[in-house]
Q: 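Pasting a structure below so you can have a look.
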Amino acid sequence: MKIATWNVNSIRARLERLLQWLEKECPDVLCLQELKVTDDDFPFDAIQKAGYRAAVHGQKTYNGVAILSREEPERIERGLMDDVDDPQARLLAADVGGIRIVSAYFPNGAEVGSDKFVYKLEWMERLGKYLDRLLGSGNSVFLCGDFNVAPDDKDVAHPEQWQDTVLCVPEVRQALERIRERGFEDVFRKHHPQGGIYSWWDYRQLGFPKNNGLRIDHLFATPELAVRCVSARVDRDERKGKGASDHAPVIAEFKD
DNA sequence: ATGGTTGCTTAGCAA
């Protein structure tokens, strides 16, 4: 079983690349982030022709997440399901093959100390409570997506340049660690403990040509799932050329 | 250094 996550930065702008990638990579499940379309504008027909079903939690212009899968996704749930009135479409869960798949697009946070940064930290706290409910019912959970956090300096090409930013400050790293500690293993780290592999490169200032990257897209699995994970990798080639997303897909494979 | 690039929406925001 192959499960991947990819922040496509607009599914409209990335549709041709996405279809080609599905044909090349044939994942069983693909979690998408930053669709930037409403459910009505999601390209269901093209995705179905490619052999995939889609659960979608869309939003106009910003955010938007989806789960594509060969099998029909079941028990679809949108959002964090708490008492906060939050219009941002950043979380989607569905069952595929007996696994609770969660596609998450964590807030970026803009600048440390800004209102958006406060929202990021609060959103991560809310996600923690959401996961407590999920894990409490004994689910096998695969939480993946654009977490907008580089967990460690070894996940950053130039840590000194990023240490005080919203992707790296100790506050967000600690918040992510509190989520992981609820019962997940970072299955990419499991296979690449040395670091030095990245999933996002800024469009600006030649981020990709200079390999000024960060690993902010993650695959978190509960233990019984993590032991079955036999490989994990970043498809760096997908970041190349004109019309690439600023994120590359991250892929994990599981034995049966 | 408040830059640079991309996408959505149409000059300004978010990333």
Side-chain angles (χ1 to χ4, degrees), chain A residues 5-21 31-43 46-47 56-66 79 86-92 103-124 127 144-151 155-169 171-173 175-176 198-218 234-250:
Chain A
T5 186
W6 188 13
N7 177 326
V8 288
N9 185 18
S10 167
I11 196 165
R12 242 191 305 249
R14 221 64 60 203
L15 185 57
E16 287 312 310
R17 272 195 179 246
L18 171 62
L19 295 171
Q20 283 177 22
W21 192 81
C31 293
L32 298 173
Q33 300 86 36
E34 277 208 89
L35 304 176
K36 300 187 176 183
V37 293
T38 59
D39 291 16
D40 287 343
D41 288 332
F42 187 87
I47 295 299
V56 179
H57 184 29
Q59 184 184 331
K60 183 181 164 69
T61 312
Y62 305 116
N63 311 313
V65 287
D86 187 348
Q88 300 193 32
R90 295 183 173 277
L91 194 102
L92 175 68
S103 180
Y105 176 44
F106 289 35
N108 171 282
E111 298 290 330
V112 175
S114 67
D115 290 351
K116 290 193 175 75
F117 185 69
V118 172
Y119 172 72
K120 178 179 195 170
L121 294 173
E122 288 175 351
W123 192 92
M124 291 174 78
L127 175 62
C144 59
D146 175 1
F147 290 13
N148 269 314
V149 181
D155 301 309
V156 185
H158 301 287
E160 71 291 345
Q161 187 184 321
W162 294 91
Q163 60 187 353
D164 299 325
T165 71
V166 292
L167 304 180
C168 295
V169 281
E171 241 179 318
V172 298
R173 285 181 170 169
L176 181 60
Y198 316 117
S199 66
W200 173 81
W201 299 260
D202 202 319
Y203 283 132
R204 297 165 290 187
Q205 294 172 316
L206 303 172
F208 188 67
K210 290 152 86 171
N211 196 29
N212 187 358
L214 294 87
R215 188 175 72 99
I216 60 175
D217 299 271
H218 300 295
V234 170
D235 185 1
R236 201 174 183 284
D237 288 344
E238 183 49 51
R239 182 63 178 79
K240 295 176 180 171
K242 194 169 153 57
S245 170
D246 44 354
H247 296 253
V250 188

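Order of the sequence lines sets the chain letters (A, B, ...), proteins ahead of strands, with each chain counted from 1. Bear in mind that the values here come from a model prediction, so they are computed numbers and not experimental data.
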Q: To the nearest Å, give me how far apart CG (L35(A)) and C1' (dC8(B)) are.
A: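 Result: 14 Å.
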
Q: Just jot down the salt bridge (Lys or Arg N to Asp or Glu O under 4.0 Å) partners of D86(A), sequence neighbours excluded, or say none.
A: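 By the salt bridge (Lys or Arg N to Asp or Glu O under 4.0 Å) rule, D86(A) matches R126(A).
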
Q: Determine the minimum heavy-atom distance between T5(A) and Q33(A), stating which atoms define it.
A: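 Taking T5(A) first and Q33(A) second, the nearest heavy atoms are OG1-NE2, 3.0 Å.
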
Q: In the 5'-to-3' direction, what one-character label does each nucleotide of nucleotides 10-15 of chain B receive under the scheme B = base within less than 4.0 Å of a protein heavy atom, S = sugar-phosphate only, - = no such atom?
A: ----SB

Q: Roughly how many Å is it from CG in N9(A) to P in dT9(B), rounded to a whole number?
A: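 Taking atom P of dT9(B) as the reference, CG of N9(A) is at 13 Å.
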
Q: List the atom pairs, with distances to 0.1 Å, where a side-chain N or O of residues 7-20 of chain A and a protein N or O form a donor-acceptor pair under 3.5 Å, not counting sequence neighbours.
A:
from   : atom 1 : to      : atom 2 : distance (Å)
N7(A)  : OD1    : N9(A)   : N      : 2.9
N7(A)  : ND2    : E34(A)  : OE2    : 3.1
N7(A)  : ND2    : D146(A) : OD2    : 2.9
N7(A)  : ND2    : H247(A) : NE2    : 3.4
N9(A)  : OD1    : K36(A)  : NZ     : 2.9
N9(A)  : ND2    : Y203(A) : OH     : 3.2
S10(A) : OG     : R12(A)  : N      : 3.4
S10(A) : OG     : A13(A)  : N      : 3.0
R14(A) : NE     : V8(A)   : O      : 2.7
R14(A) : NH1    : G243(A) : O      : 2.9
R14(A) : NH2    : V8(A)   : O      : 3.4
R14(A) : NH2    : N9(A)   : O      : 2.8
R17(A) : NE     : G243(A) : O      : 2.9
R17(A) : NH1    : E238(A) : O      : 3.0
R17(A) : NH1    : E238(A) : OE2    : 2.8
R17(A) : NH1    : K240(A) : O      : 3.4
R17(A) : NH2    : K240(A) : O      : 2.7
R17(A) : NH2    : K242(A) : O      : 3.0

Q: Going by heavy atoms closer than 4.0 Å, what residues in residues 205-213 of chain A are next to DNA chain B?
A: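 Close to the strand are Q205(A).
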
Q: Using the closest heavy atom to pick a nucleotide of DNA chain B for each, name whichever of E111(A) or I11(A) lands nearer the 5' end.
A: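 The answer here is E111(A).
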
Q: Applying side chain to side chain contact (heavy atoms under 4.5 Å, CB included), can you list everything that pairs with T38(A), at least two apart in sequence or on another chain?
A: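 Listed in chain order: D40(A), D41(A), K60(A).
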
Q: With a distance cut-off below 6.0 Å to the six-membered ring centre and an angular limit of 45° from the axis, does R90(A) pair with Y105(A) as a cation-pi contact?
A: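 Yes, R90(A) sits over the ring of Y105(A).
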
Q: In whole Å, what is the span from the CZ atom of R14(A) to the C1' atom of dT5(B)?
A: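 Checked: the CZ to C1' distance equals 12 Å.
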
Q: Write down the distance between CD (Q59(A)) and C1' (dG7(B)), rounded to a whole number of angstrom.
A: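 In whole Å, dG7(B) C1' lies 15 Å from Q59(A) CD.
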
Q: Under the salt bridge (Lys or Arg N to Asp or Glu O under 4.0 Å) rule, what pairs show up with a residue in residues 200-210 of chain A, not counting sequence neighbours?
A: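 Counting only pairs at least two positions apart or across chains, the salt bridge (Lys or Arg N to Asp or Glu O under 4.0 Å) contacts touching residues 200-210 of chain A are D202(A)-R204(A).
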
Q: Mind telling me whether F208(A) and W201(A) have parallel, tilted or perpendicular rings, with 30° and 60° as the class edges?
A: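 Answer is perpendicular, since the angle exceeds 60°.
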
